[in-house]
Q: 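Mind looking over this structure? Questions follow.
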Number of protein chains: 2
Amino acid sequence: MSENKYLSIYNDLLSKIEKGIFKPGMKIPSEHQLVEQYETSRETIRKALNLLSEHGYIQKIKGKGSIVLDVRKFDFPISGLISFKELAQKLGKPSRTIVEQLEMIKPDEVLKKHLHVTAREDIWKVVRVREIEGERIILDKDFFNKKFVPFLSKDICARSIYEYLEKELQLKISFAKKEFFVEECTEEDRMYLHLKQYTHVVVVRNYVYLDDASLFQYTESRHRLDKFRFVDFARRIHLH
Amino acid sequence: MSENKYLSIYNDLLSKIEKGIFKPGMKIPSEHQLVEQYETSRETIRKALNLLSEHGYIQKIKGKGSIVLDVRKFDFPISGLISFKELAQKLGKPSRTIVEQLEMIKPDEVLKKHLHVTAREDIWKVVRVREIEGERIILDKDFFNKKFVPFLSKDICARSIYEYLEKELQLKISFAKKEFFVEECTEEDRMYLHLKQYTHVVVVRNYVYLDDASLFQYTESRHRLDKFRFVDFARRIHLH
DNA sequence: GTTGTTAACTTGTATATACAAGTCGACTTG
DNA sequence: CAAGTCGACTTGTATATACAAGTTAACAAC
């Protein structure tokens, strides 16, 4: 359970939306009603509702109430900072992770720039292939600063690195920047993936930061063209 | 200026970050200091800071303060609901919009699904090419429900439809869902774009909603592979 | 010198109140 | 009947207070 009142209310309302107790198009109870239901203050309810709104689950309309959106209903992966294991569980497709490389390296010029490290620092390099429905679709190349991740094993990489980082090492993963673009496939891509006839791959560069804004991971995720899909939810900022 | 106190503080702090008065890595003044500077309450300051944090401009660290991130410094287009005109102005590259088609149509089966309309409703269809540095890079196919947009002209489409919708028609554009994937290019793509040797295009499907959660626009944006780039900022949700 | 303890700072959460502003239905008024 | 008004509801903004919890530097004790 959450220690936070507003987060536990967020979770409760979210699960009611996902279970269909609150259906798309429906109004959810008013803030006043929720205050009584959860025996809390209006500001606490509003924090929970604003989180739901930011994440695309509800739309708040002044004077009327909050209605459930269907935007988030069928679509994954939707924008967010989520591990492959969490994603695979949501999607429910049979998938497997194959650890192809796991070694400690010194960064080259490119990596020094991406991870903001010096030539002397030790870096974990992990290369994994994600097999989805029997096809080798995604090539993930992860780089971790050893300063933050002293130890890694093949077993951890095959299971879920994030679970290990957050639960065992107590790292507080906070935010990420992702860059998407398309690139010609390399020899490495062809070696590790089932590329069919495709000549390009979709590349996702992931820069992951901890709680204190320190960059601790750089990931390059290379997807076969035809299987790539990404969904984003955005709100317009009005400044008038 | 904004009528809202917290939005005008958000804007003021944002412009200080963008102008470099607050530089990446620097601490911004504490909430208490900002309360005195802006002569307001702490909750109002916190609303402004939380917005900056959500949008990737600062990181708040409990017990320490808020530091400016460099994540947003060089990267556009970053996730958000922004018109091509606004984007072009930010990027500063020479660009031009060519209106190739502008007509009123009845929706076919596919469009009926995308725009949630019946066969009897009138739909504006706008086809535009975005020329960047002299090359025809992006093909935008927009569809507007006539119920929301009674009138359109070539002139409006060449300038900025969004400016017209928001300023003239007073439509309140609120949020959007975007889907990204890669597709084989069509005859239409080849006809309108400078595609070089590329066999695929990046497709962005855009569903745009108004204030009251009604779907009013569907856009299909088709990008030449090599010029496509998208940046996303995401925060991890911790539920423990 | 090292360790531990304050004290003063920071941000995070929860609560209460007041009023503004948009929506909607019922009722009044012409 | 039509139009306008009013009251009861909704969400939005601004303010104040209290306490929790993390950080840091100064200081005291050993």
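Naming convention: chains lettered A, B, ... in sequence-line order (proteins, then strands); numbering from 1 in each chain. Being a predicted model, the structure only gives us computed values, none of them experimental.
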Q: Round to the nearest Å and state the distance from A:Gln33 atom CD to D:dT11 atom C1'.
A: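 Taking CD of A:Gln33 and C1' of D:dT11, I get 13 Å after rounding.
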Q: With no hydrogens and no angle check, just 3.5 Å: does a side-chain donor-acceptor pair link A:Ser221 and A:His223?
A: yes
Q: What is the distance from NZ of B:Lys64 to C1' of C:dG12, rounded to the nearest Å?
A: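 After rounding, the gap between these two atoms is 16 Å.
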Q: What is the separation between atom CD1 on B:Ile61 and atom C1' on D:dG22, rounded to the nearest whole Å?
A: 11 Å
Q: What is the distance, to the nearest angstrom, from the CG atom on A:Leu210 to the C1' atom on D:dG22?
A: 17 Å
Q: Could you tell me how far apart A:Lys172 (NZ) and D:dT23 (C1') are, to the nearest whole angstrom?
A: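 After rounding, the gap between these two atoms is 13 Å.
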Q: For A:Gln217 and A:Tyr162, test the side chains for any donor-to-acceptor distance below 3.5 angstrom and give the result as yes or no.
A: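 A:Tyr162 and A:Gln217 do have a side-chain donor-acceptor pair below 3.5 Å.
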Q: For D:dG12, does either OP1 or OP2 sit under 4.0 Å from a side-chain N or O belonging to A:Lys60?
A: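 Result: yes.
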Q: What's the CG-C1' distance between B:Asn50 and C:dG12, to the nearest Å?
A: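 Those two atoms, CG and C1', are 10 Å apart.
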Q: Can you tell me if B:Lys62 touches the phosphate of D:dT23, counting only side-chain N or O atoms and a distance under 4.0 Å to OP1 or OP2?
A: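 Answer is no, no contact under 4.0 Å.
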Q: Is there a donor-acceptor contact under 3.5 Å linking the side chains of B:Asp212 and B:Ser214?
A: yes
Q: Any chance the side chains of B:Asp12 and B:Tyr38 put a donor and an acceptor closer than 3.5 Å?
A: yes
Q: Atom pairs, N/O to N/O, protein against nucleotides 13-16 of chain D, distance under 3.5 Å?
A:
unit_1, atom_1, unit_2, atom_2, d
D:dT13, OP1, B:Asn4, ND2, 2.7
D:dT13, OP2, B:Tyr6, OH, 3.4
D:dA14, OP1, B:Lys5, N, 2.6
D:dA14, OP2, B:Tyr6, N, 3.4
D:dT15, OP1, B:Lys5, NZ, 2.5
D:dT15, OP2, B:Thr40, OG1, 2.3
D:dT15, OP2, B:Ser41, N, 3.3
D:dT15, OP2, B:Thr44, OG1, 3.2

Q: Please state how far atom NE2 in B:His32 lies from atom P in D:dT17, giving the value in whole angstrom units.
A: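 Taking atom P of D:dT17 as the reference, NE2 of B:His32 is at 13 Å.
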Q: Can you tell me how far P of C:dA21 sits from CG of B:Asp211, to the nearest Å?
A: 17 Å
Q: Assess the side chains of B:Gln59 and B:Ser53: does a donor N or O sit below 3.5 Å from an acceptor N or O?
A: no
Q: Under 4.5 Å between any side-chain heavy atoms of A:Leu49 and A:Leu13, yes or no?
A: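 Yes, their side chains come closer than 4.5 Å.
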